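Read the structure below first, then the notes.
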Amino acid sequence: EAAVTQSPRNKVTVTGGNVTLSCRQTNSHNYMYWYRQDTGHGLRLIHYSYGAGNLQIGDVPDGYKATRTTQEDFFLLLELASPSQTSLYFCASSDAGTLYFGSGTRLTVL
Amino acid sequence: GEQVEQLPSSLIVQEGASVLINCSYTDSASVYFPWYKQEPGKRLQFIIDIRSNMERKQTQRLTLLFDKKTKHLSLHITATQPGDSAIYFCSATGTGGYKVVFGSGTRLLVSP
């Protein structure tokens, strides 16, 4: 089974803080995704990538940057965190449509 | 872009009952529709899928129906068990770019 590992599991920062969420997948999937999960909104796509150096804009990209440094690693960056970005963040990878998810990072912005 | 609507937002049933979860999507170019289950505190896990050239797919207690004309899907879960308590998500994937859009989820609670 595909393995997707996210770190950290929990993160607390202050408004204006700088946060990096990490995701690594070990099955050489081409596609990787960042979603945020909020009650009433389900999963909303922030950014995705189909390979190292590639970045595609999702549906809720404002306030987020992402970088795919290798086939395995996909990072989500919040350079000026705001309370509205308090959420549960999931990374996922895919080979042909079915997504394999990480365990999530719970981010709190005070 | 693609939008996916999922209803109902929550369901409470007694063990043994059947439930129906509905999803509709907007982009006729979407071709692949996997569903996921998220148990409390856990990651989402794939449970069943269907492609746009199919009308029905069944696995164990899950039946997924697809109507391409109306852009509608429905997931039927029979003989529910407390272990089925989770949030269920439908999703839609287009032909290019592999952008995957999710519905807002259905929270199912099955009481013993």
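Here is the naming used below: chain letters follow the sequence lines, and residue numbers restart at 1 for every chain. Every value quoted in this text rests on a predicted model; they were computed, and no experiment measured them.
Sparse packing is recorded around CD1 of B:I12, with 12 or fewer heavy atoms of other residues, nucleotides or ligands lying under 6.0 Å away. Shown here is B:R61, whose CZ atom has more than 12 heavy atoms of other residues, nucleotides or ligands within 6.0 Å. B:Q3 CD: 12 or fewer foreign heavy atoms inside a 6.0 Å radius. Environment of CZ in A:R44: crowded, with over 12 heavy atoms of neighbouring residues, nucleotides or ligands closer than 6.0 Å. Other residues, nucleotides and ligands contribute over 12 non-hydrogen atoms within 6.0 Å of the NZ atom of B:K37.
Listed in order of number, the residues of residues 34-42 of chain A that approach chain B to under 4.5 Å between heavy atoms are A:Y35, A:Q37, A:G40, A:H41, A:G42. Near-neighbour residues of residues 70-92 of chain B relative to chain A, defined by a heavy atom under 4.5 Å from a heavy atom of that chain, comprise B:I87, B:F89.
Grouping the Ile, Leu, Val, Met, Phe, Trp and Tyr side chains by contacts below 4.5 angstrom, directly or via other members, places B:I47 apart from B:L109. No single ILVMFWY cluster, assembled from side-chain heavy atoms under 4.5 Å apart, contains both A:F90 and A:F75. Linking Ile, Leu, Val, Met, Phe, Trp and Tyr whenever their side-chain heavy atoms come within less than 4.5 Å puts B:V101 and B:W35 in one cluster. Linking ILVMFWY residues whenever their side-chain heavy atoms come closer than 4.5 Å, directly or via other members, leaves B:F66 and B:Y32 in distinct clusters. Residues B:Y25 and B:F102 fall into different hydrophobic clusters, defined by Ile, Leu, Val, Met, Phe, Trp and Tyr side chains chained together at heavy-atom separations under 4.5 Å.
Here the shortest heavy-atom pairing between A:F101 and B:R43 reads O-NH1, 2.9 Å. Closest of all the heavy-atom pairs between A:L45 and B:V100 is CD2-O, 4.0 Å.
For B:Q38, the part lying near chain A is the side chain, with the backbone staying farther off; criterion is any non-hydrogen pair under 4.5 Å.
To the nearest 0.5 Å, atoms CG (B:L44) and CG (A:L99) are separated by 9.0 Å.
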